[in-house]
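Taking it in order: structure first as structure tokens, then the write-up.
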Amino acid sequence: MKAIIFNGSLERRTESTSGLISRYFTERLEALGIQTEVFTLADSGIPLFDVTLNKTPMSVERMSQMFRDADLHFWLAPLYHGSIPGVMKNCLDWLEVTANRYEPYLTDKTIGLVCWADGLQAMQGINAMDVIAKSLRAWPLPFSVPVVRTSLFDTDNAKEISPLYAAKFDTLISIATTKRIKKTTINHL
């Protein structure tokens with residue numbers, strides 16, 4: 001099984017929110033024996049979507065191949081002004097280059113969704129990604145993780161995911177990797 005973590009943030013620092021969440025998912029997935037790649041949008045070189053180009057940019061070809069080769073996707077995004085970052089949507093729009101293939105876009109890929117915000121609005125980002133994933137013929141999981149950023153990290157170690165969100169991320173990973181939903185108890189702090 002192969003997984004891709006789509007880091008839709010423009011943060012490049014490994015200690016950033018998106019970097020720490022990406023690392024958490026990578027460690028958990030690799031512990032399960034799942035080959036994992038992180039696609040960091042900030043380092044991808046994906047240009048603005050332009051259907052008038054005669055040749056698909058190489059960075060888009062690489063991204064498209066990575067996305068289609070992965071069995072599982074985990075999309076991570078901050079909430080900016082009520083939605084996911086525009087550059088993340090722009091990147092996903094480039095999957096239009098696969099429209100004429102036998103299985104276009106992200107046909108039958110499983111997608112786990114995570115969005116964080118400083119307040120309680122992260123679900124808006126989840127909803128946006130859910131609609132995009134379905135439009136790309138993928139299967140968003142019935143469990144997603146909207147994150148209140150102030151509760152994301154452990155109070156004793158600001159570089160570790162809090163037990164509350166570790167349990168939620170682990171549930172998302174479990175559902176994605178087993179295709180089974182099991183009842184989990186999440187302790188609220």
Side-chain angles (χ1 to χ4, degrees), residues 1-44 63 65-79 84-85 88 91-92 106 108-118 122-123 125-130 132-133 136 138-189:
M1 186 177 287
K2 197 173 192 182
I4 188 167
I5 298 165
F6 179 20
N7 177 351
S9 170
L10 288 179
E11 298 175 304
R12 285 191 167 91
R13 297 173 296 109
T14 56
E15 301 302 319
S16 67
T17 299
S18 61
L20 292 169
I21 295 172
S22 293
R23 184 178 73 206
Y24 184 90
F25 273 81
T26 299
E27 288 171 359
R28 292 299 196 269
L29 291 165
E30 288 178 348
L32 294 171
I34 297 170
Q35 182 184 348
T36 305
E37 283 187 84
V38 177
F39 181 84
T40 303
L41 188 55
D43 297 328
S44 69
M63 176 274 300
Q65 192 64 49
M66 283 176 71
F67 278 44
R68 287 182 296 111
D69 285 349
D71 304 297
L72 301 173
H73 288 227
F74 293 94
W75 293 0
L76 315 177
L79 186 76
I84 61 173
M88 184 177 186
C91 181
L92 292 165
L106 298 177
D108 292 332
K109 301 296 180 185
T110 300
I111 315 274
L113 305 173
V114 176
C115 184
W116 59 94
D118 286 332
M123 198 61 202
I126 298 286
N127 290 336
M129 290 188 288
D130 182 80
I132 294 165
L136 293 170
W139 296 98
L141 293 172
F143 180 85
S144 57
V145 186
V147 176
V148 177
R149 197 173 161 291
T150 55
S151 300
L152 176 60
F153 298 107
D154 189 75
T155 53
D156 296 329
N157 183 349
K159 293 184 176 148
E160 294 294 322
I161 303 296
S162 70
L164 170 69
Y165 282 106
K168 291 180 182 199
F169 291 161
D170 290 346
T171 298
L172 181 64
I173 290 167
S174 174
I175 293 168
T177 56
T178 63
K179 307 265 199 273
R180 286 180 285 133
I181 300 171
K182 60 183 178 184
K183 186 172 181 164
T184 351
T185 304
I186 299 174
N187 295 325
H188 292 87
L189 299 178

Those residues that, when tested against Q65, pass side chain to side chain donor-acceptor pair (under 3.5 Å) (two or more places apart): R68, D69

Donor-acceptor contacts under 3.5 Å from residues 29-44 side chains, at least two apart:
{"from": "T36", "atom 1": "OG1", "to": "I34", "atom 2": "O", "distance (Å)": "3.0"}
{"from": "D43", "atom 1": "OD1", "to": "R12", "atom 2": "NE", "distance (Å)": "2.9"}
{"from": "S44", "atom 1": "OG", "to": "L41", "atom 2": "O", "distance (Å)": "2.8"}
{"from": "S44", "atom 1": "OG", "to": "I46", "atom 2": "N", "distance (Å)": "3.3"}

F169 and Y165 aromatic ring geometry - parallel, tilted or perpendicular at 30°/60° bounds: tilted

Closest approach of D118 to R149 (non-hydrogen atoms, all atoms of both residues): OD1-CD, 3.5 Å

Distance (rounded to the nearest 0.5 Å) between I111 CD1 and D130 CG: 10.0 Å

Closest contact, heavy atoms only, G8 versus M88: CA-SD, 3.7 Å

Distance (rounded to the nearest 0.5 Å) between K168 NZ and L152 CG: 11.0 Å

CZ on F74 to OG on S22, rounded to 0.5 Å: 11.5 Å

Side-chain (D154) to main-chain (E160) donor-acceptor, under 3.5 angstrom: no

Y24 and D170: side chain donor to acceptor below 3.5 Å: yes

Plane angle bin for F6 and F67 - parallel if under 30°, tilted between 30 and 60°, otherwise perpendicular: perpendicular

Spacing of CG belonging to L20 relative to CD1 belonging to I161, to within rounding of 0.5 Å: 6.0 Å

S16 and S9, any side-chain heavy atoms less than 4.5 Å apart: no

Separation of S144 OG from W75 CH2 (nearest 0.5 Å): 13.0 Å

Check: T110 side chain, L72 main-chain N or O, donor-acceptor pair, under 3.5 Å: no

Validation row: T17, F153 side chains within 4.5 angstrom (heavy atoms): yes

Pairwise distance SG(C115) to CD1(I21) - rounded to 0.5 angstrom: 9.5 Å

Validation row: M129, P140 side chains within 4.5 angstrom (heavy atoms): no

Heavy-atom closest contact (A70 atom, A3 atom, distance): CB-C, 4.2 Å

Pair I84-I132, side chain to side chain contact (heavy atoms under 4.5 Å, CB included): steps then yes or no: CA-CA 11 Å; I84 61 173; I132 294 165; 3.7 Å; yes

Residue pair R23 / R28, side-chain heavy-atom distance below 4.5 Å: no

